[in-house]
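Notes to accompany the following structure.
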Amino acid sequence: MTTFIGAATSRIDGVAKVTGAAKYSAEYNVPGLAYGSIVTSTIAKGHVTRIDSSAARRVSGVYDVLTHDHRPSMASTDKAYKDEVAPTTGSPYRPLYDNEIKFSGQPIALVVAETSEIARYAASLVEVEYKPEPHVTDIHQERKSAIPVETPSSPFDAHFTPPKMRGNPDEALEQAQVLHVGEYFVPIEHHNPMELFAATVLYDQGGKLIVYDKTQGVQNVQRYVCSVLEMKPEDVRVISPFVGGAFGVGLRPQFEVVLASLAARALSRPVRVVLTRPQMYALGYRPAAIQKVSIGANRDGSLNAITHSAITATSQYEQYFRQETGWSGLLYKSANAGYEHRLAQLDLPTSCDMRSPSAPTAIFSLESAMDELAIELKMDPIALRLRCYSDRDQNNNLPFSSKALRECYQKGAEAFGWSKRNPQPRSMRDGGDLVGWGMATGIWEALQVPITVRIVLNANGTAEIACATSDIGTGTYTIIAQVGADTLGLPLENVKVRLGDSTLPQSPVEGGSWIATSVSNGVVTTSRAISDQLLLLAKTMPGSPLARLGPNDVVLANRRLQSKADATRSVSISDVMRSGGMNQIVQEKTTNPSEDTSRAHNTHSAVFAEVKVDEQLGVIRVTRVVSAVAVGRVLNKKTAHSQIMGSVVWGIGMALQEETVIDHKLGRIMNANIAEYHVPVNADIHDINVIFVDEVDNSNPLGVKGLGEIGIVGVAPAIANAVYHATGKRVRNLPITLDKVIA
Amino acid sequence: MITFEYARASDVPEALRLVAGDRAKFIAGGTNLVDLMKVDVERPTKLVDITRLPLSGVDRLQGGGVLVGALVRNSDLANHPLVQERYPVLASAIMAGASGQLRNMASTGGNVLQRTRCPYFYDTATPCNKRVPGTGCSAIDGFNRNNGILGTSASCIATHPSDMCVALAMLGAIVHVSSLSGDRQIPMADFHRLPGDTPNRDTNLESGEIITAVELPAVGYAANYTYLKIRDRMSYAFALVSVAAGLIVEGGVIKDARLALGGVAHKPWRNPAAEVALRGQPANTATFSGAADLLLRDAKGYGHNTFKIDLARRCISRALTQAARGTPQSQSNKKIL
Ligand SMILES: Cc1cc2nc3c(=O)[nH]c(=O)nc-3n(C[C@H](O)[C@H](O)[C@H](O)COP(=O)(O)OP(=O)(O)OC[C@H]3O[C@@H](n4cnc5c(N)ncnc54)[C@H](O)[C@@H]3O)c2cc1C
Ligand code: SF4
């Protein structure tokens, strides 16, 4: 029956995107639209003592200047500002709430004017006086005073606290035949999505708001705006059908939506706020991390202890953290394991989720350490990993629902030509270049969350599938249409998909690689309800060929409801509906994840990298990457391939280029733009080979595991390991810039 | 909106008349000026558009040189047959800079006058002597990975970011300048200044002066040259260190040498002593290292950028090797030769 699921299908929204028909949050134009420009703090900590906006107000075309003491009322409890994914512990930042400065770049005024140019100019005239206080933005400076992560009350955060210790890791490390201890560093990184954060807020006479916002979760933003502005749920609708990348920074509601909504209410008119690129650096970031990994091994490569301790960065006002430590004792078999996680509280915005939060950071350390151990043991890096391959999640003592990591190693190694590797560092050359081959493992979670999907089936054989989830550019529209076309038995072009509107059926934020799994199985559930209803109707047809069949005996295919056993017994969908006098059938169903707590659910990868390092100049080029991933069933080979390839490109950036630079004296980011914050350009990218390894998983009806994030995990260590293999130089702090190689 | 006057000139005298007065500026490609206006660093009250001036020629001069009009676009200059044939080092340096879109807009004169990329210069919330004299230099003990190691001062350690100018300095180009009081010629070596106590002044161009052309001398070092640019990614990044090198080699012996560095100083850096030292020497690694040592004798690092001293030494050796072998660096094949 499946014809569309799995097929390499171009995005159904592709034409709309390249022709400009797909509208983004800053593109909704209405008469009378006003434009907001944000004034941000230049100090990192202290208080605003005076804001003089008189000069700004005098500029012709300026409507108002909002500040903490001149704005519509806002909620005054922390609870009101806690969105769906806010850290449990802490007081969320409240935009324009009071005169306290918590980070450089914090919004302190919003100038609203007739045009964006007027607003921007007037914003430059706002005079601000501060009473600064000493700040700290350097994680290294705070490593002594970092605080242990608490076990938070919410199950969501509890998921991220370090797993329980098993055995006696300290003693086991002491007794190890071979001990490797290393400290690794990953700097702050920013998401830098292409689309700027923006909100266009429409205001109607009754005071209702329609909010076009760049977000990964319209319903999260809707609830947040309602609670922060103390509005009724029916008075706020949030719409975000297209998102030009977000990568985690759009999970929590950001300040553009609060400022635009405040201004719309203050002025009773539509208002747009678009952040500038530098302002986007105040939204959140992948936390910097100082990590220590200790591995105790036997001579044969089996492990008897592994410990992972991490200090990660958060703000002074919220405790954000993810599972920075637990991956180590999950990925490899070791009877003893111990974890410690502490937080450095800095005068910066709260750190936040960024593609596969915690895993690229933690796995960089673990997989660099494993490479170092392999060298000490004189073992092939893959052989070592196979030696301590774990068939169980030892942190939770559970079997995996599926784990085709062995096949990833094998298929990846084969495609890469790993067997031709000379293990000796500096042994492989290409002219003046040292050649290095490195590999690493990747791991991520395969989660499913409750989601509701509505399907409207029309008698003319078309259908509309609706859900509030976003498509952040990953291809969600397309996979929904594919699954819908198959399960409803319709041609792909007959299936329309509506997403990104808070009035649509419930969806959590799009993150954690859980949406593809959740929504695709959600489509299956609702399609099934449609099929059931059609069968009831079909049975009532005179001489129905399906009269004696039950719901499990029929299937929708080729625009017909047909017997599974005998395809000749079928009726067309249109005939069924007409005979039942129905123009439309509507079904809305919630799909909950199966309560499969007896198994662990993860995706895996094996990443192989070839680098060529100019011996004299230290210039590193990543000339080949093979990424073999085990992600359950692939819904669309084309968009899936793009996800993994894009992740690999990002991993190359993480390994060699990405670093948010802070002037700690000023407490200010000094490369807050994409000319100076480097991500790879085409000239940095060579051959990338993506392999999907067969993996059958029965955790959900479709066997899907999600793949938006696994692709970046493991790339940076594979490259770091390759750089070591090429040069004999181990770089433990990212990014691996050329000065670290020639030093 | 910040209002400013806009006027379009059709010839040089008109442009000079229009620009007279306070805070008026010429605008050519606008790729640097408009960016700086957007971040509030440049605040001209008047823009004089010079893109219609008849200064877009690339013409042979008597005596063998070539005169490049100030409005010749960077892309056009790099692709001009005369430049590719006689001054390939210049074509190569231009292609190493910015992006295709930017090079299509950028002009020769604007490129010479582009301002530093020191991050503090761009951020009006931070002290910077170049932007606001007397406020202090944030880079000296701040983030200075992209800053200078040669000819720096206690007031400023900024670098001049142009790639094209490094090749122009190496070639010994001459900048042709006009003002209402007449014309003058400024050798490239004297065009950009060292920061000293007045880092706010990048060049020796006086206000009211316009660049009309850049003259390339007859010798183009077309047989043995290279432009080697080392940066934090393969393309679309400013140089950490770049080297323009030109040699005349006969029978393995260096007859004449030219060497200029980019990314290391407030101006394209040339040191005639190093070039003299190369002359008459065998074209080998020992000779090249000697020249590098001489060039970098007074180099000073400021923390983040200290590695540039060693990197520059390596780049000089490599560039001279490339030049001597006649295997110049390619700007398009994604690798260092
Ligand atoms: C993202 C980015 C990356 C870049 N990367 C590089 C790089 O890697 N390497 C590199 O070399 N450059 C790089 N550039 C800089 C680029 O080369 C310059 O912006 C460009 O050359 C400036 O030329 P323009 O004609 O646009 O100058 P404009 O912006 O028009 O003018 C610049 C200045 O020159 C003055 N001016 C212009 N013409 C004249 C004249 N004839 N007489 C007197 N004054 C004049 C103007 O008043 C202004 O002050 C980059 C720029 C950007 C934005
Ligand atoms: S180096 Fe020069 S441009 Fe940079 S901060 Fe110091 S004075 Fe300003």
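Chain letters run A, B, ... following the sequence lines, proteins first, then strands; residues in each count from 1. Quantities reported herein were computed from a predicted structural model and do not represent experimental measurements.
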Under 4.5 Å from any heavy atom of chain A, what part of B:Asp232 do you find: side chain, backbone, both or neither? both
What part of B:Arg231 gets closer than 4.5 Å to chain A, counting heavy atoms only: side chain, backbone, both or neither?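 Just the backbone, heavy atoms under 4.5 Å.
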A:Gln657 and B:Arg233: side-chain donor and acceptor closer than 3.5 Å?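 A:Gln657 vs B:Arg233: no donor-acceptor pair found between side chains.
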Using only heavy-atom distances, determine whether the side chains of B:Tyr120 and A:Asp663 contain a donor-acceptor pair under 3.5 Å. yes
Show your working on side-chain contact (heavy atoms from CB on, under 4.5 Å) between B:Leu240 and A:Leu738 and close with a plain yes or no. CA-CA 10 Å; B:Leu240 293 167; A:Leu738 58 88; 4.1 Å; yes
Going by side chain to side chain contact (heavy atoms under 4.5 Å, CB included), name the residues that satisfy it together with A:Asn192, two or more places apart in sequence or in a different chain.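 Checked A:Asn192 against side chain to side chain contact (heavy atoms under 4.5 Å, CB included); matches are A:His190, A:Arg277, A:Tyr281, A:Ile674, A:Tyr677.
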Pairs of heavy atoms under 4.5 Å with chain A: top-ranked of B:Val39, B:Thr124, B:Thr126: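 Most pairs with chain A among the choices: B:Thr126.
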Region of [X] that comes under 4.5 Å of a non-hydrogen atom in chain B:
X: A:Asp614; result: side chain
X: A:Glu615; result: backbone
X: A:Ala675; result: backbone

Contact leader toward chain B among A:Ile662, A:Ile742, A:Leu656, where contacts are heavy-atom pairs under 4.5 Å: A:Ile742
Quick check for you: among A:Lys665, A:Arg120, A:His664, A:His678, which has the greatest number of heavy-atom pairs under 4.5 Å with chain B? A:His678
Can you tell me if B:Arg314 uses its side chain to pair, donor with acceptor, with the backbone of A:Leu617 under 3.5 Å?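 Not confirmed, B:Arg314 side chain does not pair with A:Leu617 backbone.
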Given 3.5 Å as the limit, does a donor-acceptor pair link the side chain of B:Lys334 with the main chain of A:Asn682, or not? yes
How many angstroms lie between atom [atom1] of [X] and atom [atom2] of [Y], to the nearest 0.5 angstrom?
X: A:Ile669; Y: B:Asp123; atom1: CD1; atom2: CG; value: 11.0 Å
X: A:Met670; Y: B:Asn144; atom1: CE; atom2: CG; value: 11.5 Å
X: B:Ser138; Y: A:Leu666; atom1: OG; atom2: CG; value: 5.5 Å

Find out whether [X] and [Y] are in side-chain contact, i.e. whether some heavy atom of one side chain is under 4.5 Å from a heavy atom of the other.
X: A:Thr623; Y: B:Lys335; answer: no
X: A:Arg668; Y: B:Pro119; answer: no
X: B:Lys308; Y: A:Asp739; answer: no

Does the side-chain contact (heavy atoms from CB on, under 4.5 Å) test come out yes or no for B:Asn146 and A:Glu676, once each step is laid out? CA-CA 10 Å; B:Asn146 298 321; A:Glu676 304 300 332; 3.7 Å; yes
Which residues share a side-chain hydrogen bond (donor to acceptor under 3.5 Å, both in side chains) with A:Asn689, sequence neighbours left out: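 Residues passing side-chain hydrogen bond (donor to acceptor under 3.5 Å, both in side chains) with A:Asn689: none at all.
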In sequence, state the C-alpha distance, the side-chain angles, and the governing distance for B:Ile2 and A:Glu117, and then conclude on side-chain contact (heavy atoms from CB on, under 4.5 Å). CA-CA 8 Å; B:Ile2 303 182; A:Glu117 291 80 6; over 6 Å; no
